[in-house]
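Here is the structure we will look at, set down as structure tokens.
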Amino acid sequence: MAKTSEPTADTDHMPHRGNWTPLLDKVNVPADLRKLPESDLKQVAEELRLELIDAVSVTGGHLGAGLGVVELTVALHYVFNTPADRLIWDVGHQAYPHKILTGRRDRIRTLRQGGGLSGFTKRSESEYDPFGAAHSSTSISAGLGMAVGRDMKGEKNDVIAVIGDGAMSAGMAYEAMNNAGSMDSRLIVILNDNDMSIAPPVGAMSAYLSRLLSSKSYMSLRQLGAAMAKRFPRGLASVLGRAEEYARGIVTGGTLFEELGFYYVGPIDGHNIDHLLPVLKNLRDSDDRGPVLVHVVTRKGHGYGPAEQAADKYHGVVKFDVATGAQIKAKATAPSYTAVYAKALIAEAEVDDRIVAITAAMPSGTGIDKFGERFPKRTFDVGIAEQHAVTFAAGLACEGMKPFATIYSTFLQRGYDQLVHDVVIQKLPVRFAMDRAGLVGNDGQTHAGSFDLAYLGCLPGIVIMAASDELELMHMVATAAAIDDSPSALRYPRGDGVGLALPARGEVLPIGKGRIVREGTKVAILNLGTRLQECLKAADELAALGLSTTVADARFAKPLDTDMIERLAREHEVLITIEEGSIGGFSSFVLHHLATAGMLDLGLKVRPMVLPDIFIEHESPVAQYEQAGLNARHITQTALGALGMSSAARSVRA
């Protein structure tokens with residue numbers, strides 16, 4: 001590649017616009033890319049890869065997936081007329097190269113920062129993002145909807161959905177393909193497969209076959225054959241059709257997709273632009289109707305040695321040194337909640353061989369990888385299939401096992417119907433461990449666990465716990481393991497604990513009982529979750545103003561500790577509830593009980609503090625909770641406001 005300087009680990013990093021990316025500097029939007037000769041595209045891809053590596057070294061984020069689709073991104077924007085042609089990236093975590101080519105290069109070093117670019121595709125961010133994403137397996141459904149909408153309007157643009165092999169493990173993708181295969185709307189699906197490899201000789205043959213299969217002459221010949229086959233007796237026509245499809249399937253592996261009604265092309269080396277361009281052009285220029293699937297093989301982390309050699313191909317990284325790939329991680333003062341959960345679950349499984357762990361394609365993100373190292377035969381990664389994960393857990397519970405379905409709060413939403421019908425109605429003791437409860441920082445709106453208290457709390461007979469620190473989390477894992485007559489859920493946040501000493505194994509808590517952490521007389525703060533430390537800070541601030549404050553940790557959102565709540569209501573002038581969840585959760589349960597018990601009739605001042613009724617943008621967790629109004633100073637202000645001490649509240653704000 002023609003360049004005069006290499007990326008360095010210098011603190012200033014590489015210059016944003018510089019002579020190390022001469023061709024990329026000419027590309028602000030895809031229309032600029034399409035002005036270049038095809039012979040320049042390989043160099044554009046190399047420069048784009050360098051720019052991606054340097055940008056993510058500054059911001060952190062998803063790196064490996066983006067490195068794997070650099071050539072594919074260049075080829076798609078070169079061949080198709082984006083944004084008129086709709087290009088949908090499933091999940092969107094691999095779309096950083098796409099963002100660089102679509103007018104956002106000057107902001108690429110704001111990725112996942114407050115006020116900066118989202119780490120995923122986002123409709124409000126660019127006309128080149130026709131569909132927002134962050135949860136997987138939605139692209140084919142959305143693309144089909146766009147294609148049908150286009151047809152209904154009489155328009156001719158292409159719709160292209162790029163979906164990874166991991167996302168293809170979700171049932172929604174097959175539901176969409178089954179629907180698309182029964183229609184004649186023109187839709188192009190790119191299967192980005194980074195779980196297989198193609199040897200060079202096979203790759204060359206596959207590229208030739210793919211060009212042939214996608215050519216007008218072959219597709220027309222196939223149509224002619226299909227028309228002729230209709231004139232034969234039905235049995236013979238069926239045999240001929242299946243012979244042709246299975247012959248292609250044996251060579252290319254496309255039988256499944258053909259059976260779903262897709263015209264299959266591939267596999268193609270996704271890092272070879274000379275292989276990609278002719279196939280994509282053939283499909284662009286085809287007059288054929290119906291869906292097509294192009295099987296593209298790539299490698300996560302491609303083109304960057306440290307990523308290629310890493311076990312996770314640098315799926316998600318913090319800031320790192322470009323030259324060495326070493327990630328610059330802040331030293332943790334306490335273990336993460338995820339690590340503590342894994343420790344606690346392993347401790348329970350050591351003494352109970354009925355405990356099994358389930359994850360939906362997030363073993364390292366949930367700590368189940370650690371459990372799997374210790375108990376490989378009791379660990380189940382079901383792929384990106386939360387619906388299946390929940391009902392699979394229900395089946396295990398039917399047989400007397402103790403399943404821990406360990407799924408991010410935001411991802412468990414995808415299995416809600418199964419949770420209601422297959423678990424809760426049947427009173428099966430499935431334990432739901434919800435990582436990433438509350439706000440999650442730079443992953444933003446789509447990954448925040450804001451709603452589980454509301455969507456679980458309305459279900460009869462479920463036990464819901466929220467840990468206030470890492471020690472409480474260990475106790476709650478032990479408690480969940482002991483609950484054998486009903487479903488249960490425990491929630492804990494992203495991030496590190498507060499530094500408490502941890503036992504070898506947690507203790508079983510009395511169900512539905514909270515604890516008083518600090519005694520007072522004037523103000524009561526009733527906490528659920530990891531805002532407890534902020535509650536204690538607020539109690540200190542209020543004490544300095546002469547206001548004696550009780551701090552209680554509810555522990556359970558359901559069943560409520562009604563005795564403790566009634567005591568707080570009777571003995572204090574102000575009762576404030578705190579939770580890391582949306583409206584309709586814990587505070588609603590507390591207020592409902594107080595209202596029906598008649599305890600709001602005597603002048604008690606109640607102030608619920610919840611996440612605001614908005615989707616909070618990506619930012620640092622500290623800034624997010626500041627925006628949410630759930631830090632110590634907000635609690636203090638709320639108490640003072642309830643007491644009519646507005647001047648004191650103003651001094652606290654200052």
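Quick caveat: nothing in here was measured; it's all calculated off a predicted structure. Values below: all heavy atoms of this structure, side chains included; hydrogens, waters and symmetry mates excluded.
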| Are the side chains of H388 and S169 in touch, meaning some heavy atoms are under 4.5 Å apart? | no
| task | With the side chain counted from C-beta on, respond yes when R436 and T410 share a heavy-atom pair under 4.5 Å apart, and no when they do not. | result | no
| request: Identify the two heavy atoms, one from L52 and one from G66, that lie closest to each other, and give their separation to 0.1 Å. | output: CD2-C, 3.7 Å
| request: Give me the one residue out of E51, E125, E127 that meets salt bridge (charged side-chain N to carboxylate O under 4.0 Å, His left out) with R104. | output: E125
| query | Quick one: side chain to side chain donor-acceptor pair (under 3.5 Å) pairs with a partner in residues 142-155, sequence neighbours left out? | reply | D151-S185, D151-R289
| field | Qualifying residue, where the test is ring-ring contact (aromatic ring centres under 6.0 Å, His included) with H447 and the options are Y408, F615, F411 | value | F411
| query | For G103, does its backbone N or O pair with a side-chain atom of N28 as donor and acceptor, under 3.5 Å? | reply | no
| query | In chain order, what residues pass the ring-ring contact (aromatic ring centres under 6.0 Å, His included) check against H93, with sequence neighbours excluded? | reply | H62, H315
| query | Between S139 and D90, what is the shortest heavy-atom contact and its length? | reply | OG-OD2, 2.6 Å
| Ion pair present between E71 and R49, side-chain N to carboxylate O less than 4.0 angstrom? | yes
| query | Where is the tightest heavy-atom contact between T379 and G372, given as atom of each residue plus distance? | reply | OG1-CA, 3.2 Å
| query | Which heavy-atom pair separates D85 from D158 by the least distance, and what is that distance? | reply | OD1-N, 2.8 Å
| So do the side chains of N194 and V69 get within less than 4.5 Å of each other, counting heavy atoms only? | no
| message | Taking the side chain as everything from C-beta on, heavy atoms only, tell me whether V74 gets closer than 4.5 Å to L48. | response | yes
| message | Going by the rule side chain to side chain donor-acceptor pair (under 3.5 Å), which residues pair with Q445 if we only count those two or more places apart in sequence or in a different chain? | response | E617
| T298 and N192: side chain donor to acceptor below 3.5 Å | yes
| said: How close do S286 and D288 get, counting heavy atoms only, and between which atoms? | reply: OG-N, 3.0 Å
| request: Check whether the side chains of D435 and T338 place a donor and an acceptor atom closer than 3.5 Å, and report yes or no. | output: yes
| said: Which heavy atom of P278 sits nearest to which heavy atom of I273, and what is that distance? | reply: CD-O, 4.4 Å
| query | Does T121 reach the main-chain N or O of F131 with its side chain, forming a donor-acceptor pair under 3.5 Å? | reply | yes
| query | Do D129 and H98 meet the criterion of a side-chain donor-acceptor pair at a distance under 3.5 Å? | reply | yes
| Single hit among K26, R105, E47 for side chain to side chain donor-acceptor pair (under 3.5 Å) with T21 | R105
| task | If the plane angle is over 60° it's perpendicular, under 30° parallel, otherwise tilted; pick one for F257 and Y264. | result | parallel
| Would S336 and Y341 count as having a side-chain donor-acceptor pair, cut-off 3.5 Å? | no
| message | Could you check whether H618 and F120 have their ring centres less than 6.0 Å apart? | response | no
